[in-house]
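Data first, discussion second: the structure below is written as structure tokens.
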Amino acid sequence: MIPLAKPHIDKEDIREVVEVLESGALSLGPKIEEFEEKFAKQIGTKYAIAVNSGTSGLHLCIKALNIKEGDEVITTPFSFIASANCILFEKAKPVFVDVDEETFNINPELIEAKITDKTKAILLVHVFGQSCDMNKIVAIAKKHNLKIIEDACESINAVYEQKKVGTFGDAAVFAFYPNKQMTTGEGGMIVTNNKEIADLTKSLRNQGRSNNMQWLTHNLLGYNYRLTDIQAALGISQLNKIDFLISKRQELVNIYLEELKDVPEITLPKIAKQNIHTWFVFPIIVEEKHRDKLIEYLMSKQIQSKAYFSPAIHLQDFYKKEFGYKKGDFPIAEKLSKTILILPLFIGLTKQNILTIKQAIIDYFS
Ligand SMILES: *Cc1c(COP(=O)(O)O)cnc(C)c1O
């Protein structure tokens, strides 16, 4: 079986984790701060705040920006559901804007029509490893006095015009589930240049304790969204080789692009010229009538692939029920959710594997 994704864990990772286990400092120890410092440096922000998942990180950003019931947040329907759910956690309303057909990211040309006097923020998602069109989005946010939260969970190290994603908004979130470019098992990281947001999210992840207060003093309603030092040690070790992890993905993608370019039934992903893509997944587009059958056929040949993201968020059951969304509301996102599949991409995938996948695709279409 060729799996869809697999984390890359080496001896160094294992040694770092075992060292923490032997130290006995399993949580609230020194590894968290070290991971945060290194991560902030990697992205180029003043602060980084480690949390136990990307979803927790997004939730705390919503809280820290004081987004609450009655507020609206502009976001994308073509994403993993957590990027919209975090708005619902605080009873605010996600207002969807359709996406660009080539980058799969929120279409800036459609944002302004959705802004009302209730709009507080734009929560954008850099989908699959590629940045949104940030110049346009930042200009719109400035003009209308809106906050920006970047969901960069799929796009560590991605670049837009020489600047890394995660440095454009008021806050951004990265994630480290095992299928991401780097992993801590479960985990996430908030980054920001804003000290207030940094202090607030740091307090909220730890039961609302202020950073210099005693253990049982809580001045805010907080959560337990802490990452362990075991996970932080793995994070540090993975971050130390992030350039390797991403360049390997790029090498594999280059092989895919070369091998699949002459298969007429496939549309390959496009990269906007101002972007450096970091390939959370490798997506291809096929006709709607073939997509699910191709996935099934590949599975019969021991090759995992997956419809991504399907269905679009506004067509998930409780969004339809709660907000009355229906088919046709966001046609590009819906079309993509019916035509994209992702192919195996992980370190350890071989050129031979890719040739096997290519042959299976060709066999399906013939
Ligand atoms: C992975 C991911 C998240 C966070 O997921 P967790 O499993 O909570 O770490 C959020 N948004 C997007 C777009 C993601 O891909």
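Keep in mind that the numbers below use all heavy atoms, side chains included, and drop hydrogens, waters and symmetry copies. Read the numbers this way: they start at 1 and go in the same order the structure lists the ligands and their atoms. Here, residue 1 is the first one in the sequence, and each next residue gets the next number.
Atoms of ligand 1 found under 4.0 Å from any heavy atom of Ala175 (numbered from 1 in listed order, with element): 4 (C), 9 (O). The ligand atoms of ligand 1 that sit less than 4.0 angstrom from a heavy atom of Ser79 are 13 (C). Short contacts between ligand 1 and Val125, defined as distances under 4.0 Å to a heavy atom of the residue, involve ligand atoms 13 (C). Less than 4.0 angstrom separates some heavy atom of Cys153 from each of these atoms of ligand 1: 2 (C), 3 (C), 4 (C), 10 (C), 11 (N), 12 (C), 14 (C). Close contacts of ligand 1 with Thr55, meaning ligand atoms under 4.0 Å from a residue heavy atom, involve 4 (C), 5 (O), 6 (P), 8 (O).
Around CD of Glu33, the count of heavy atoms belonging to other residues, nucleotides or ligands within 6.0 Å does not exceed 12. Within 6.0 Å of the NZ atom in Lys270, the count of heavy atoms belonging to other residues, nucleotides or ligands exceeds 12. Taking a 6.0 Å sphere around NZ of Lys335, one finds it holds 12 or fewer heavy atoms contributed by other residues, nucleotides or ligands.
Ranking protein heavy atoms by distance to atom 12 (C) of ligand 1, first place goes to Asp151 OD2, 3.4 Å. In terms of protein heavy-atom proximity, atom 2 (C) of ligand 1 is nearest to Lys180 NZ, 2.5 Å.
Remark: side-chain polar atoms of His59 are not paired, donor with acceptor, to backbone N or O of Cys86 under 3.5 angstrom.
Annotation: Glu154 places an N or O atom under 3.5 Å from an N or O atom of ligand 1; distance criterion only. Backbone and side-chain nitrogen or oxygen atoms of Tyr177 are examined, and none is located within less than 3.5 angstrom of a nitrogen or oxygen of ligand 1. Residue Gly54 has at least one N or O atom closer than 3.5 Å to an N or O atom of ligand 1.
Using a cut-off of 4.0 Å between Lys/Arg side-chain N and Asp/Glu carboxylate O, Lys143 and Glu112 are scored as salt-bridged.
Taking both residues in full, the closest heavy atoms of Arg249 and Thr278 are given as CD-O, 4.0 Å, listed atom of the first, atom of the second, then distance.
Ring-plane geometry between Tyr308 and Phe128 is classed as tilted, the angle between the planes lying from 30 to 60 degrees on a 0 to 90 degree scale.
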